[in-house]
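Read the structure below first, then the notes.
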Amino acid sequence: MTEKKNNKKVVLAAIIVAVIALAMLLTYKVAAPKATAGTKNVTLEVVDNNGEATSYEVCTDAEYLIDIFDEIEGLTVDGTTSEYGLYITTVNGVLADYNADGAYWSILVNDEYGQYGADQQPVADGDKYGLVYTK
């Protein structure tokens, strides 16, 4: 009899874990950033290690920020890709080496820190994006 009760507890626990996992997945799907298709006019401003800003006006069909990097003539963005997405290390030849001096490239969206990496940041019409050398 005790073994049946233990088996019921294990099955009940497994069901509860499955329901929680499904709820978390649905929450992510609903709350995840949504990209929009179609032509958008956006601005990308790059601020380098000397504080000098270069602004690019872009008319794009890109859905995510990473997609517009290749569309902008004169802009070069390099980095490493992992399971967390693109980690930007170099913009227009300026390397930000966090291990050496704590420098990194931050992503701004409408002058506020972005909540997503370049490969997950949706592009919206009229928005201003920034790649800023930060130390």
Side-chain angles (χ1 to χ4, degrees):
M1 181 110 163
T2 303
E3 190 174 317
K4 272 190 167 182
K5 284 185 179 180
N6 286 338
N7 285 342
K8 285 183 181 180
K9 288 180 182 178
V10 169
V11 170
L12 183 58
I15 291 171
I16 291 171
V17 168
V19 168
I20 290 171
L22 181 60
M24 290 174 66
L25 177 64
L26 289 174
T27 300
Y28 175 76
K29 290 289 186 183
V30 169
K34 306 289 188 268
T36 56
T39 303
K40 297 168 273 294
N41 293 303
V42 299
T43 302
L44 175 68
E45 184 175 74
V46 176
V47 180
D48 66 16
N49 57 330
N50 296 319
E52 295 180 24
T54 304
S55 187
Y56 304 93
E57 299 292 325
V58 184
C59 181
T60 183
D61 288 327
E63 293 184 8
Y64 295 97
L65 184 59
I66 193 171
D67 299 327
I68 69 171
F69 295 160
D70 291 334
E71 295 180 14
I72 299 174
E73 191 168 322
L75 174 71
T76 59
V77 177
D78 292 312
T80 57
T81 304
S82 72
E83 65 271 14
Y84 303 110
L86 175 67
Y87 177 72
I88 298 172
T89 56
T90 307
V91 177
N92 290 343
V94 177
L95 173 68
D97 187 351
Y98 189 82
N99 293 328
D101 57 6
Y104 61 95
W105 286 99
S106 58
I107 296 174
L108 301 181
V109 180
N110 296 320
D111 297 320
E112 295 184 13
Y113 278 99
Q115 300 298 309
Y116 305 101
D119 51 345
Q120 293 181 337
Q121 177 59 55
V123 175
D125 188 38
D127 278 354
K128 177 183 174 187
Y129 301 95
L131 296 177
V132 179
Y133 183 93
T134 306
K135 198 169 179 184

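These numbers were taken from a predicted model, which means no experiment stands behind them. Quick note: residue numbers are just sequence positions, from 1.
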Between L65 and F69, is any pair of side-chain heavy atoms under 4.5 Å apart? yes
Apply the test side chain to side chain contact (heavy atoms under 4.5 Å, CB included) to residues D125 and V42: give CA-CA distance (whole Å), side-chain angles for both, the deciding distance (0.1 Å), then the verdict. CA-CA 6 Å; D125 188 38; V42 299; 5.6 Å; no
Between L108 and Y98, is there a shared hydrophobic cluster once you connect ILVMFWY residues whose side-chain heavy atoms come closer than 4.5 Å? yes
Reference residue V77; test side chain to side chain contact (heavy atoms under 4.5 Å, CB included); the match among T89, I72, D70, L131: L131
Can you check side chain to side chain contact (heavy atoms under 4.5 Å, CB included) on E52 and V47, steps first, answer last? CA-CA 5 Å; E52 295 180 24; V47 180; over 6 Å; no
Criterion side chain to side chain contact (heavy atoms under 4.5 Å, CB included) on V91 and L75, from CA distance to verdict: CA-CA 7 Å; V91 177; L75 174 71; 4.1 Å; yes
Exam field: side chain D119 to backbone I66, donor-acceptor pair closer than 3.5 Å: no
Shortest non-hydrogen pair, C59 vs T39, comes out as SG-CG2, 3.2 Å
Is a side-chain N or O of K40 found less than 3.5 angstrom from the main chain of A62, in a donor-acceptor match? yes
Determine yes or no for a side-chain-to-main-chain donor-acceptor pair under 3.5 angstrom, with N41 supplying the side chain and G126 the backbone. no
Rounded to the nearest 0.5 Å, what separates atom CD1 in I107 from atom OH in Y113? 11.5 Å
Go through the steps for Y104 and I88 under the test side chain to side chain contact (heavy atoms under 4.5 Å, CB included), then give the verdict. CA-CA 8 Å; Y104 61 95; I88 298 172; over 6 Å; no
Taking a hydrophobic cluster as the set of Ile, Leu, Val, Met, Phe, Trp and Tyr residues connected by side-chain heavy atoms closer than 4.5 Å, whether directly or through intermediates, do L86 and V46 fall within one such cluster? yes
Polar side-chain atom of T60 near backbone of V58 as donor-acceptor pair, under 3.5 Å: no
Closest heavy-atom pair, S106 versus T134, reported as atoms and distance to 0.1 Å, is OG-OG1, 2.9 Å
If you look at every heavy atom in N92 and Y56, which pair is closest and at what distance? ND2-OH, 3.2 Å
Non-hydrogen atoms of Y116 and Q121 that approach each other most closely: CD1-OE1, 3.6 Å
Point-to-point distance, once rounded to the nearest 0.5 Å, from CD of E71 to CG of L44: 11.5 Å
Rounded distance (nearest 0.5 Å) linking atom OH of Y133 with atom OG1 of T90: 10.5 Å
Using a distance-only test with no angle check, is there a side-chain donor-acceptor pair under 3.5 angstrom linking S55 and E45? no
State whether the side chain of D97 and the backbone N or O of N99 hold a donor-acceptor pair below 3.5 Å, judged by distance alone. yes
If I compare all heavy atoms of W105 with all of L95, which pair ends up nearest, and what's the gap? NE1-C, 4.5 Å
